Visitor: 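Below is a structure I'd like to ask you about.
Here the structure is a predicted model, which means the values were calculated and not measured.
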Amino acid sequence: MIFLFIGAALLSGTGNHFHLNSSMHFEEGFNRMRTSLIFAFYSFAGIEVIGLMASRLSNTKDILKSGRVLIMCLGSLYVLALWITMNLQAPNHFSSEESPFISVLNRGNVPIVASCFNGVILFAGFSALAAALFSVTRLLRSMADEGEAPAIFKKRWKRDIPLPSLLLAIAGMACAIIASQLLPGIIFEAFITAAGILLLCNWAFILLSSFKLLDRDVMRNGVSLVALGILVLAISGTFTLKESRYGFYLSMVLLMVIGLASLLFRSMTSHRSTKS
């Protein structure tokens with residue numbers, strides 16, 4: 001929102017440091033756009049928390065309404081911010097070394113605002129981190145309650161906090177931070193890409209489950225199919241780019257391991273139920 005206000009002021013002519021760019025075409029074509037889709041999806045990381053929090057609503061009829069409003073607001077903010085950025089600076093002037101918003105603000109000789117905006121980005125990152133912690137701990141506790149995870153994750157601390165699940169999530173996060181410092185760049189990037197692909201696969205599995213669990217509705221199924229197509233497009237885009245191809249291979253290996261572990265767990269569970 002801060003950037004939107006500043007960008008609107010600059011576009012309206014209150015700033016003299018920027019010029020609108022009339023030629024804003026994508027020189028790399030469709031393939032390059034497809035490889036960037038996975039980064040666009042990162043902006044919506046943590047949105048699954050809405051579904052997890054839906055059970056706490058006093059009126060469950062508000063679930064779909066709140067979800068639609070949130071998606072529309074987030075999408076509008078992202079598109080508007082990118083439109084302002086693309087109008088204030090040519091796309092070929094952006095760099096992977098810094099945020100495009102920071103790049104625009106730095107070119108406008110407003111370093112104080114750019115520094116403050118860095119702080120805003122950090123706070124947004126911590127917000128997504130908190131959402132991820134909540135979703136992981138809640139899912140792990142639910143799986144433990146249903147017998148699909150070790151019983152230790154059923155335990156709760158004061159104020160109903162699932163301490164074992166929270167500690168496991170924090171340990172995984174700490175391992176990721178240490179790995180980012182110790183592993184070579186290309187290996188760490190492969191892990192990050194694989195994690196992004198697994199996140200998209202998680203969303204895809206949720207959509208596939210909706211076909212079975214929810215009532216059949218042509219409109220809903222059509223939207224779900226379109227969303228699945230976009231997810232497949234984003235995942236396939238990581239294979240076409242050489243730098244992210246290793247992450248694609250790693251994600252496929254991890255998916256196979258998860259699938260085999262799930263089949264093994266099901267067979268063990270059915271074997272125990274047969275014995276009992």
Side-chain angles (χ1 to χ4, degrees), residues 26 28-49 91-103 118-119 121-137 139-140 143 149-150 153 164-206 230-265:
F26 295 95
E28 301 292 338
F30 175 77
N31 283 333
R32 182 63 67 174
M33 184 275 293
R34 186 175 58 164
T35 58
S36 66
L37 274 177
I38 190 170
F39 301 105
F41 276 114
Y42 285 153
S43 303
F44 295 91
I47 203 169
E48 62 274 5
V49 176
N92 55 3
H93 289 168
F94 294 126
S95 170
S96 59
E97 301 296 326
E98 64 179 357
S99 165
F101 308 116
I102 301 298
S103 177
N118 272 324
I121 293 175
L122 286 174
F123 276 113
F126 283 122
S127 176
L129 184 65
L133 279 174
F134 174 82
S135 61
V136 169
T137 54
L139 283 173
L140 194 54
M143 291 174 65
F153 297 114
S165 303
L166 182 61
L167 290 176
L168 180 64
I170 293 174
M173 203 169 303
C175 291
I177 295 172
I178 295 172
S180 67
Q181 301 297 320
L182 298 180
L183 291 178
I186 188 171
I187 297 178
F188 183 71
E189 288 175 7
F191 277 101
I192 292 298
T193 304
I197 293 174
L198 290 177
L199 176 64
L200 298 187
C201 290
N202 185 33
W203 293 349
F205 292 145
I206 293 173
I230 297 174
L231 290 174
V232 171
L233 199 65
I235 294 172
S236 64
T238 60
F239 180 76
T240 60
L241 192 63
K242 183 180 179 181
E243 291 81 0
S244 59
R245 196 170 298 165
Y246 297 109
F248 177 83
Y249 293 145
L250 179 60
S251 66
M252 295 299 106
V253 172
L254 291 175
L255 277 176
M256 291 177 61
V257 171
I258 294 171
L260 291 174
S262 178
L263 290 174
L264 180 62
F265 179 81

Visitor: Hey, could you give me the OG1/CZ distance between Thr193 and Phe239, rounded to the nearest 0.5 Å?
Guide: 14.0 Å
Visitor: Rounded to the nearest 0.5 Å, how far apart are SG of Cys175 and CD1 of Ile170?
Guide: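 If I round to the nearest 0.5 Å, the distance is 12.0 Å.
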Visitor: Would you say Ile235 and Ile38 make side-chain contact, with heavy atoms under 4.5 Å?
Guide: no
Visitor: To the nearest 0.5 Å, how far apart are CG in Leu231 and CD1 in Ile197?
Guide: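 Reported value, rounded in 0.5 Å steps: 12.0 Å.
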Visitor: Within a strict 4.5 Å, meaning less than it, do heavy atoms of the Pro184 and Ile187 side chains meet?
Guide: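 Pro184 vs Ile187: side chains touch.
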Visitor: Would you compute the distance between atom CG of Leu166 and atom CG of Leu140 and round it to the nearest 0.5 angstrom?
Guide: 10.5 Å
Visitor: Scan the side chains in residues 249-261 for donor-acceptor partners under 3.5 Å anywhere in the protein, sequence neighbours excluded, and list what turns up.
Guide:
| from | atom 1 | to | atom 2 | distance (Å) |
| --- | --- | --- | --- | --- |
| Ser251 | OG | Gly247 | O | 3.4 |
| Ser251 | OG | Phe248 | O | 2.6 |

Visitor: At what distance, to the nearest 0.5 angstrom, does CG of Leu198 lie from CZ of Phe205?
Guide: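 CZ of Phe205 is found 9.0 Å from CG of Leu198.
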Visitor: Go through the structure and list residues passing ring pair (Phe, Tyr, Trp, His ring centres under 6.0 Å) with Tyr246, not counting sequence neighbours.
Guide: none
Visitor: What's the shortest heavy-atom distance between Ala234 and Leu37, and which atoms?
Guide: CB-CB, 3.7 Å
Visitor: Tell me, with the steps shown, if Phe153 and Leu168 meet side-chain contact (heavy atoms from CB on, under 4.5 Å).
Guide: CA-CA 9 Å; Phe153 297 114; Leu168 180 64; 3.6 Å; yes
